**Student:** 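One structure, as structure tokens, below. Some questions next.
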Amino acid sequence: MIPFDPSDIRFRVLNSAILAPSPHNTQPWRVAFRGEERIVLSIDHTRLIPGCDPIGRQAFISAGAFLENLDLAAKSGGFRADIDLFPWGWPDARTVAEDPVAHVDLIEDRRVDCDPLFLKIPLRHTNRRRFEGKKVPLEAAGELTAAYDFSLVPLGFSHDDDLIRSVADLAAKAMEIELADRERVRETLRYFRFTDREVRSSSDGFGHAQSGYGRLARFFIGRFILSRERASSSPESFLRMAKKSTREQVAGAGGIGWLSTKGDHRVDQVRAGRAYQRVHLKASALGLALQPVSQPISDYPDMADLRSGIHELLGVPATHTIQMLFRLGYADPVPATPRRALGEFF
């Protein structure tokens, strides 16, 4: 493990970068230092989930969120982050290469201004609670759009009740499809924490606490309803609970948002990740809870028909790609998901 040097700005910005979201909270990032100012960011192949994310699209979106956090942290310290995406050449969009995602040079520049969204990085958490059902106003959606450069990654939003119910139905069907495959179930169980003890001994994944269950409820669920042993030996029970929970979560949303791009190249995915992170940080500033709804836009063949249905429902052309689909609303905060120690990313 590389020793932490508080005088090196790179360590300080990485402390914020690793608070970015990632699929299943896998934290699929690897970093290296070059010279006195460069950070090299790559994808950690040991933390990919090829069943749920077969082409690594979600991993590259998470890399974009990582870079956005890094950029915000650099500005807060009076540094400019010069980000060079895919410095070794344009990558294939269907495989995850060993090549770096980005070279980042941190240049001291007192002309840069601190972005107020930086203060929301430690407060931004994926909230899997049932939301209050209160509608998110269109004015809030406008503020989310204004939080980033939306010219390349436009934001769509609706708080129409019929559309929300339709998305909830599709999301429940998508969860059923996702957990019908043994490999995808195995990946999900690898990162799902059933008990508080599992959470305390983990540095990744997520569990019932992030779904808003209190300590007593978590104990009751883990002891009498759904333990790791039950879910592993009888995945049907895990599927039923996940499907029911997904439908209720989405149906109670105060609005549905989505980010799309014209293409689906790696640079589109990274840009979408940066946009999504700014949207989520701004949502936190507005007192909005947010949770991705990833399954209906997954890239494995089993989801193709349902993914087309989501495009049609939201009015997104089939030639474009919905990079992020998420629900918005109002809810009490949830505990943060665990994070690995900074040195483990090197």
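Residue numbers count from 1 along this sequence. A quick note: this is a predicted structure, and the numbers were derived from the prediction, not measured.
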**Student:** For the residue pair R266 / Q269, report whether a side-chain donor-acceptor contact shorter than 3.5 Å exists.
**Tutor:**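 There is such a pair (donor and acceptor under 3.5 Å, judged by atom type) between the side chains of Q269 and R266.
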**Student:** Are Q27 and S22 close enough that a side-chain donor and a side-chain acceptor fall under 3.5 Å?
**Tutor:**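 No, no side-chain donor-acceptor pair sits under 3.5 Å.
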**Student:** Any side-chain to backbone donor/acceptor pair from S245 onto A242? Under 3.5 Å, distance only.
**Tutor:**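 No, S245 side chain to A242 backbone: no donor-acceptor pair under 3.5 Å.
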**Student:** Closest heavy-atom contact between R130 and A331?
**Tutor:**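 Nearest heavy atoms, R130 then A331: O-CB, 4.3 Å.
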**Student:** I would like to know whether R10 and F33 meet side-chain contact (heavy atoms from CB on, under 4.5 Å); could you show each step before the answer?
**Tutor:** CA-CA 8 Å; R10 292 177 293 185; F33 286 169; 3.5 Å; yes
**Student:** What is the distance from atom CG of L306 to atom OG of S298, rounded to the nearest 0.5 Å?
**Tutor:**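 The distance works out to 9.5 Å.
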**Student:** Are V250 and I177 co-members of a hydrophobic cluster defined by side-chain heavy atoms under 4.5 Å apart?
**Tutor:**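 Both belong to a single hydrophobic cluster.
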**Student:** Judged by modelled atom types alone, do T126 and R128 share a side-chain donor-acceptor pair under 3.5 Å?
**Tutor:**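 No.
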**Student:** Between R186 and E183, is the closest basic N to carboxylate O distance under 4.0 Å?
**Tutor:**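 Counted as a salt bridge, because a side-chain N and a carboxylate O are separated by less than 4.0 Å.
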**Student:** Just checking, any donor-acceptor pair under 3.5 angstrom between side chains of S166 and D169?
**Tutor:**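 No, no side-chain donor-acceptor contact under 3.5 Å.
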**Student:** With a 6.0 Å cut-off (strictly less than), is the heavy-atom count around CZ of R94, excluding the residue itself, greater than 12?
**Tutor:**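 No, the 6.0 Å shell around CZ holds no more than 12 heavy atoms from other groups.
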**Student:** Are any of the side-chain heavy atoms of T26 and D204 separated by less than 4.5 Å?
**Tutor:**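 T26 vs D204: side chains apart.
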**Student:** For the CD atom of Q58 and the CG atom of D53, what is their distance to the nearest 0.5 Å?
**Tutor:**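 Going from CD on Q58 over to CG on D53, the span is 4.5 Å.
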**Student:** When rounded to the nearest 0.5 angstrom, what is the spacing between CG in D305 and CD1 in I310?
**Tutor:**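 Separation between the atoms: 13.0 Å.
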**Student:** Taking all non-hydrogen atoms of both residues into account, name the closest pair between A147 and L117 and its distance.
**Tutor:**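 A147 and L117 have their closest heavy atoms at O-CD1, 4.5 Å.
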**Student:** Does any N or O in the side chain of T195 come within less than 3.5 Å of the main-chain N or O of E198, such that one atom is a donor and the other an acceptor?
**Tutor:**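 Such a contact is found between T195 side chain and E198 backbone.
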**Student:** Using the rule that Ile, Leu, Val, Met, Phe, Trp and Tyr join whenever any side-chain heavy atoms are under 4.5 Å apart, tell me whether I43 and I39 fall into a single cluster.
**Tutor:**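 Cluster IDs for I43 and I39 match.
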**Student:** Given side-chain contact (heavy atoms from CB on, under 4.5 Å), test V40 with V31 step by step and report yes or no.
**Tutor:** CA-CA 5 Å; V40 180; V31 295; over 6 Å; no
**Student:** Tell me, do N127 and Q291 make a side-chain contact under 4.5 Å, heavy atoms counted?
**Tutor:**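 When only atoms from C-beta onward are counted, Q291 and N127 do not touch, as no gap falls below 4.5 Å.
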**Student:** Exactly one of D8, D105, D82 should register a salt bridge (Lys or Arg N to Asp or Glu O under 4.0 Å) with R38. Which one does?
**Tutor:**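 Going through the options one by one, the only one that passes is D105.
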**Student:** When hydrophobic residues are tied together by side-chain contacts of less than 4.5 Å, even through go-betweens, does L288 share a cluster with L155?
**Tutor:**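 They do share one cluster, since a chain of ILVMFWY contacts under 4.5 Å joins L288 to L155.
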**Student:** Is there side-chain contact between L48 and H45, with at least one heavy-atom pair below 4.5 Å?
**Tutor:**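 They are in side-chain contact.
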**Student:** Could you state the interatomic distance from OH (Y330) to NZ (K134), rounded to the nearest 0.5 Å?
**Tutor:**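 That separation rounds to 5.0 Å.
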**Student:** Can a donor-acceptor pair be found, under 3.5 Å and without considering hydrogens, that links the side chain of K135 to the backbone of H159?
**Tutor:**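 Yes; judged by distance alone, with no hydrogens or angles, the pair exists.
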**Student:** Run the numbers on F66 and F345 for ring pair (Phe, Tyr, Trp, His ring centres under 6.0 Å), then give the verdict.
**Tutor:** CA-CA 12 Å; F66 181 103; F345 293 92; 7.3 Å; no
**Student:** Work out which heavy atom in A74 is nearest to a heavy atom in L106; give both atom names and the distance.
**Tutor:**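 A74 and L106 have their closest heavy atoms at CB-CD2, 4.0 Å.
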**Student:** For side-chain contact (heavy atoms from CB on, under 4.5 Å), just list the numbers for H24 and I49, CA-CA rounded to whole Å, side-chain angles, deciding distance to a tenth of an Å, and then say yes or no.
**Tutor:** CA-CA 9 Å; H24 289 10; I49 44 175; 4.0 Å; yes
**Student:** For the residue pair A102 and L85, what are the closest heavy atoms and their distance?
**Tutor:**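 Of all heavy-atom pairs spanning A102 and L85, the closest is CB-CD2, 4.0 Å.
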**Student:** Looking only at side-chain N and O atoms, does Q277 offer a donor or acceptor that is under 3.5 Å from a partner on N69?
**Tutor:**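 On atom types as modelled, these side chains qualify, holding a pair under 3.5 Å.
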**Student:** Is any side-chain heavy atom of F157 closer than 4.5 Å to one of V136?
**Tutor:**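 Yes; the side chains approach each other to less than 4.5 Å.
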**Student:** I'd like to know whether D160 forms a side chain to side chain donor-acceptor pair (under 3.5 Å) with S158, so could you lay out the CA-CA distance, the side-chain angles of the two residues, the decisive distance to 0.1 Å, and finally the verdict.
**Tutor:** CA-CA 6 Å; D160 178 76; S158 175; 5.2 Å; no
**Student:** Check whether any side-chain N or O of R57 sits under 3.5 Å from a backbone N or O of D299 as a donor-acceptor pair, and report yes or no.
**Tutor:**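 No, R57 side chain to D299 backbone: no donor-acceptor pair under 3.5 Å.
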**Student:** Please lay out, stage by stage, how Y276 and Y148 fare under the test ring pair (Phe, Tyr, Trp, His ring centres under 6.0 Å).
**Tutor:** CA-CA 9 Å; Y276 172 74; Y148 73 103; over 10 Å; no
**Student:** Can you see which heavy atom on V96 is nearest to which on G56, and at what distance?
**Tutor:**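 Distance-wise, the nearest heavy atoms are CG2-CA, 4.0 Å.
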**Student:** What I'd like to find out is whether the side chain of L72 reaches to under 4.5 Å of the side chain of L281, using heavy atoms alone.
**Tutor:**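 Side-chain contact under 4.5 Å: yes.
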**Student:** Compute the ring centroids of Y191 and F206, then answer whether they are less than 6.0 Å apart.
**Tutor:**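 No; F206 has its ring centre 6.0 Å or more from that of Y191.
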**Student:** Are any side-chain N or O atoms of R339 and backbone N or O atoms of A20, one a donor and one an acceptor, separated by less than 3.5 Å?
**Tutor:**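 Checked: pair present.
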**Student:** Is it true that Y300 and E178 share a donor-acceptor pair across their side chains at a distance under 3.5 Å?
**Tutor:**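 A pair is found: one side chain offers a donor N or O, the other an acceptor, under 3.5 Å apart.
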**Student:** Do you know the tightest heavy-atom contact between F79 and G77?
**Tutor:**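 Nearest pair, atom of F79 first, then G77: CD1-O, 3.2 Å.
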**Student:** May I ask you to test the R271-T261 pair for a side-chain heavy-atom distance under 4.5 Å?
**Tutor:**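 Contact flag for R271/T261 side chains = no.
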**Student:** Could you tell me whether D268 and K262 have a side-chain N and a carboxylate O separated by less than 4.0 Å?
**Tutor:**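 Salt bridge: no.
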**Student:** Do F131 and F326 share a hydrophobic cluster, counting only Ile, Leu, Val, Met, Phe, Trp and Tyr and linking them when any side-chain heavy atoms are less than 4.5 Å apart?
**Tutor:**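 Shared cluster, no.
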**Student:** Working to the nearest 0.5 Å, report the span between CD of E98 and CZ of R30.
**Tutor:**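 Answer rounded to 0.5 Å: 10.0 Å.
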**Student:** Out of the candidates D71, D113, D109, only one should pair with R80 under the salt bridge (Lys or Arg N to Asp or Glu O under 4.0 Å) rule; please name it.
**Tutor:**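 Answer to the salt bridge (Lys or Arg N to Asp or Glu O under 4.0 Å) test with R80 among D71, D113, D109: D109.
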**Student:** Report yes or no: does N25 contribute a side-chain atom to a donor-acceptor pair with the main-chain N or O of P338 at less than 3.5 Å?
**Tutor:**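 Yes, N25 side chain to P338 backbone: donor-acceptor pair under 3.5 Å.
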**Student:** Between the side chains of Q323 and D264, does any donor sit under 3.5 Å from an acceptor?
**Tutor:**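 Q323 vs D264: donor-acceptor pair found between side chains.
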**Student:** Return yes if some donor-acceptor pair links the side-chain N/O of D44 with the main-chain N/O of P28 below 3.5 Å, else return no.
**Tutor:**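 No; judged by distance alone, with no hydrogens or angles, the pair does not exist.
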**Student:** Do P296 and L325 make a side-chain contact, defined as non-hydrogen atoms from C-beta onward lying under 4.5 Å apart?
**Tutor:**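 Contact flag for P296/L325 side chains = yes.
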**Student:** Could you check whether the rings of F60 and F86 sit parallel, tilted or perpendicular, using 30° and 60° as the cut-offs?
**Tutor:**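 The arrangement is tilted - the two ring planes meet at 30° to 60°.
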**Student:** From I121 CD1 over to H280 NE2, what is the distance, rounded to the nearest 0.5 angstrom?
**Tutor:**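 Between atom CD1 of I121 and atom NE2 of H280 there are 12.5 Å.
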**Student:** If you measure only the distance, is there a donor-acceptor pair under 3.5 Å linking the side chains of R193 and S202?
**Tutor:**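 Per modelled atom types, R193 and S202 side chains form a pair under 3.5 Å.
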**Student:** Find out whether C52 and P23 are in side-chain contact, i.e. whether some heavy atom of one side chain is under 4.5 Å from a heavy atom of the other.
**Tutor:**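 Result no, sub-4.5 Å side-chain heavy-atom pair not found.
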**Student:** Count I, L, V, M, F, W, Y as connected when their side-chain heavy atoms are under 4.5 Å apart, and connections chain through other members. Are V316 and L170 then in the same cluster?
**Tutor:**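 Same hydrophobic cluster.
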**Student:** Would one find more than 12 heavy atoms of other residues, nucleotides or ligands at under 6.0 Å from atom CD of E248?
**Tutor:**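 Yes, enclosed.
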**Student:** For P87, does its backbone N or O pair with a side-chain atom of D84 as donor and acceptor, under 3.5 Å?
**Tutor:**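 Answer holds: no.
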**Student:** Is R327 reaching over with its side chain to a backbone N or O of P292, donor-acceptor style, under 3.5 angstrom?
**Tutor:**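 Side chain of R327 to backbone of P292, a donor-acceptor pair under 3.5 Å: no, none is there.
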